[in-house]
2 protein chains.
Amino acid sequence: MLTRKGEQTRSRIVAGAADEIRERGVDEFRLEDVMARTRTSKSQLFHYFPDGKEQLLLAVARHEADRVLADQQPMLGDLTTWESWHRWRDRVVERYREQGTDCPMSIVLGHAGRRTPGAQAVVTGLMSRWQEALATGVRHMQAAGEMNPELDPGRAAAGLLAGVQGGVLFLLTIGDTGHLEAALDLGLGAMRSQRNDS
Amino acid sequence: MLTRKGEQTRSRIVAGAADEIRERGVDEFRLEDVMARTRTSKSQLFHYFPDGKEQLLLAVARHEADRVLADQQPMLGDLTTWESWHRWRDRVVERYREQGTDCPMSIVLGHAGRRTPGAQAVVTGLMSRWQEALATGVRHMQAAGEMNPELDPGRAAAGLLAGVQGGVLFLLTIGDTGHLEAALDLGLGAMRSQRNDS
DNA sequence: CCATTTTTGGACCCGCCAGTCCAAACCCAC
DNA sequence: GTGGGTTTGGACTGGCGGGTCCAAAAATGG
């Protein structure tokens, strides 16, 4: 069992580990640094995460995955007007601009995400919830006659989401939100257009 | 200086290292594995790459960066008709589908790309050449009256490229080209549309 | 052939860091 | 308080793997 104190320690470790990853990246992620930052000892780490580093990384991934979508609310859950789509767009840009050059999720996605099935599941789950929220928004707009009715909602959401991920990747690499904004605007532009001529 | 034999050994090492990264990822990249695969010894590695692992990784990055654009030719250099844009699109999808679950560039981009300025430069250079090729194509099409004249060519290219990168990221993570195709189609759709109503 | 330079083999070193272990401190229920 | 648990400290281990080194083999060039 876990007492209240244990609970606190555990979450302090997860939060500290998340910060550590944000600052140094997964490659440079050392248990020792987490210990120093959170004022805990080896035995504590392995007490709360018996499977060690991998399990801790997974806990961090879950922790961060929740934040990603939460930070986009309430816009993401109510994409029923063009105004809310644009507010969502701005929020995404803002969120990632703040987070700057490090996004724990994207990192996990590129690394552990490929390896361990657990982390893979976390990432996949996050992405499918995200995509579904976008697709729901597309359907709403189409029903209201405000969005290109020829679009397949799921496919459009997938394309837009890919743009966001790619944009974040550019942000992480060159530290500029330009590509992220361009991808969002291009994607929204495609959705807005009422007809194609090809 | 480098004799012919030395040249051969050196490129054998780079090629072997690239394969190794493709198969196991950067995290699992061990000099020992490269040695085994290329039948070379430690002293050879450090003879041709005195700065060790980092320098070898950089050489691999350069090697792969060249391939990325070369594999998109001749389409990428001649985006003057819708037909060539679509052939380019198909080529990109095809190329990455073949490459499957591992793309040395995307990996380097996420990892070393952030750390060493050298790798950063390689990635940035690749992306800007890529983006410029796309932008040139957009300008051509606009001049021919075949593409939405309101688009900023550079910005549209940036958005499309972000979509490609994000799509590849999805491919690497979940092993499916759906997002890549969706992003390309969404981006091309935005370019194709002749007018917006907002 | 000889001298010089390049190429190669592989043993060795060493730092780093995940993971183990034991015993002490602490908390809580009864 | 006393006996069960949980929580904590921190020393220790072990291996992995990057990097060093020396000396032998092979090429090169005159």
Side-chain angles (χ1 to χ4, degrees), chain A residues 1-21 23-61 104 107-108 111-112 114-116 118-119, chain B residues 1-21 23-61 104 107-108 111-112 114-116 118-119:
Chain A
M1 259 339 268
L2 230 58
T3 68
R4 181 177 288 99
K5 193 174 183 185
E7 202 70 62
Q8 284 177 345
T9 304
R10 200 196 125 101
S11 56
R12 181 157 46 96
I13 292 173
V14 173
D19 290 343
E20 201 64 33
I21 290 180
E23 291 176 19
R24 337 247 300 198
V26 181
D27 309 339
E28 314 294 343
F29 178 75
R30 306 280 124 87
L31 293 187
E32 291 178 359
D33 300 333
V34 177
M35 287 162 53
R37 176 188 286 262
T38 61
R39 297 184 315 283
T40 48
S41 65
K42 266 263 165 77
S43 66
Q44 284 171 287
L45 279 188
F46 282 86
H47 179 66
Y48 296 107
F49 304 93
D51 292 340
K53 192 176 185 177
E54 195 171 309
Q55 190 182 356
L56 175 55
L57 243 27
L58 194 57
V60 171
I107 289 169
V108 169
H111 297 237
R114 175 175 302 101
R115 287 193 298 242
T116 77
Chain B
M1 257 341 267
L2 228 57
T3 68
R4 181 178 290 99
K5 192 175 184 184
E7 202 70 62
Q8 284 177 345
T9 305
R10 199 196 126 102
S11 57
R12 181 157 43 96
I13 291 174
V14 173
D19 289 344
E20 202 64 34
I21 290 179
E23 291 177 19
R24 337 247 299 199
V26 181
D27 309 338
E28 314 293 343
F29 178 75
R30 305 282 121 88
L31 293 185
E32 293 177 358
D33 299 334
V34 177
M35 287 161 52
R37 177 188 286 261
T38 61
R39 297 184 315 284
T40 49
S41 65
K42 266 259 166 83
S43 66
Q44 283 172 287
L45 279 188
F46 282 85
H47 179 67
Y48 297 107
F49 305 93
D51 292 340
K53 190 177 186 177
E54 193 171 310
Q55 190 183 356
L56 175 54
L57 242 26
L58 193 57
V60 171
I107 289 169
V108 168
H111 296 237
R114 175 175 302 100
R115 286 193 298 241
T116 78

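Labels below follow one simple rule: chain letters A, B, ... track the order of the sequence lines, proteins then strands, and each chain is numbered from 1.
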Asker: Under 4.0 angstrom, heavy atoms only, what part of the nucleic acid is B/F29 near: base, sugar-phosphate, or nothing?
Answerer: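 Answer is sugar-phosphate: B/F29 comes under 4.0 Å of backbone atoms only.
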Asker: With heavy atoms under 4.0 Å as the rule, sort B/T3 into base, sugar-phosphate or nothing.
Answerer: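 Contact class for B/T3: sugar-phosphate only.
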Asker: Of B/G52 and B/R4, whose closest DNA chain D nucleotide lies nearer the 5' terminus?
Answerer: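 Closest to the 5' end, via its nearest nucleotide, is B/G52.
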Asker: Between B/R10 (CZ) and C/dT8 (P), how many Å, whole number?
Answerer: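 Whole-Å distance recorded here is 13 Å.
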Asker: Could you tell me whether B/Y48 contacts a base, only the sugar-phosphate backbone, or nothing, with contacts defined as non-hydrogen atoms closer than 4.0 Å?
Answerer: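 Sugar-phosphate contact only.
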Asker: Could you tell me which non-hydrogen atom of B/R10 sits nearest to which non-hydrogen atom of B/A59, and how far apart they are?
Answerer: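 What the structure gives for the nearest pair is NH2-CB, 4.3 Å.
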Asker: Within this structure, what is the CG-to-P distance between A/L45 and D/dG10, rounded to whole angstrom?
Answerer: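 The answer, rounded to whole Å, is 14 Å.
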Asker: Grab the CD-P distance between B/E7 and C/dT8 for me, whole Å please.
Answerer: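 It is 12 Å, rounded to the nearest whole Å.
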Asker: Among B/H47, B/Q44, B/R4, which residue satisfies the side chain to side chain contact (heavy atoms under 4.5 Å, CB included) criterion with B/T9?
Answerer: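 Of all the options given, the one that passes is B/Q44.
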Asker: Just the rounded figure in Å: distance from C1' of D/dG17 to CD of B/E20.
Answerer: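 That distance rounds to 14 Å.
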Asker: Would you kindly give the CZ-to-C1' distance between B/R24 and D/dG17, to the nearest whole Å?
Answerer: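 One finds 13 Å between C1' of D/dG17 and CZ of B/R24, rounded.
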Asker: To the nearest 0.5 Å, what is the distance between OG1 on A/T38 and CG on A/D19?
Answerer: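 Reported value, rounded in 0.5 Å steps: 10.5 Å.
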Asker: If you only use heavy atoms from C-beta on, which nucleotide in D/dG9, C/dC17, D/dG18 is closest to the side chain of A/E32?
Answerer: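 Looking only at side-chain atoms, A/E32 lies closest to C/dC17.
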Asker: So B/K42, base contact, sugar-phosphate only, or nothing? Heavy-atom distance under 4.0 Å.
Answerer: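 Here B/K42 touches the bases of the nucleic acid.
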Asker: On DNA chain D, compare the nucleotides closest to A/K5 and B/E54; which residue's is nearer the 5' end?
Answerer: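 Nearest-nucleotide comparison on DNA chain D picks A/K5.
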Asker: What's the CZ-P distance between A/F49 and C/dC17, to the nearest Å?
Answerer: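 These atoms are roughly 20 Å apart.
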Asker: For C/dT7 and B/Q44 - does any side-chain N or O of the residue sit under 4.0 Å from the phosphate oxygens OP1/OP2?
Answerer: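 Answer is no, no contact under 4.0 Å.
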Asker: I need the single residue from B/L31, B/V60, B/L45 that forms a side chain to side chain contact (heavy atoms under 4.5 Å, CB included) with B/I13. Which is it?
Answerer: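 Single pass found, and it is B/L45.
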Asker: Whole angstrom is fine here: how far is it from CG in A/L2 over to C1' in C/dC26?
Answerer: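 Roughly 15 Å, once rounded to whole Å.
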Asker: With respect to the side chain of A/S41, which nucleotide from C/dA18, D/dT6, D/dG10 is positioned closest?
Answerer: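 The listed nucleotide nearest to A/S41's side chain is D/dG10.
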Asker: Roughly, in whole Å, what's the span from CG in B/L57 to C1' in D/dG18?
Answerer: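 Rounding to the nearest Å, CG of B/L57 and C1' of D/dG18 are 13 Å apart.
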Asker: Let me confirm one number: the NZ-CZ distance from B/K53 to B/R30, rounded to the nearest 0.5 Å.
Answerer: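 Spacing of NZ (B/K53) from CZ (B/R30) equals 6.0 Å.
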Asker: Starting the side chain at C-beta, find the nucleotide from C/dG10, D/dG17, D/dG10 nearest to A/S43.
Answerer: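 Minimum distance to the A/S43 side chain belongs to D/dG10.
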Asker: Kindly say if A/T9 contacts the phosphate of D/dT8, meaning a side-chain N or O under 4.0 Å from OP1 or OP2.
Answerer: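 Affirmative; the distance criterion is met.
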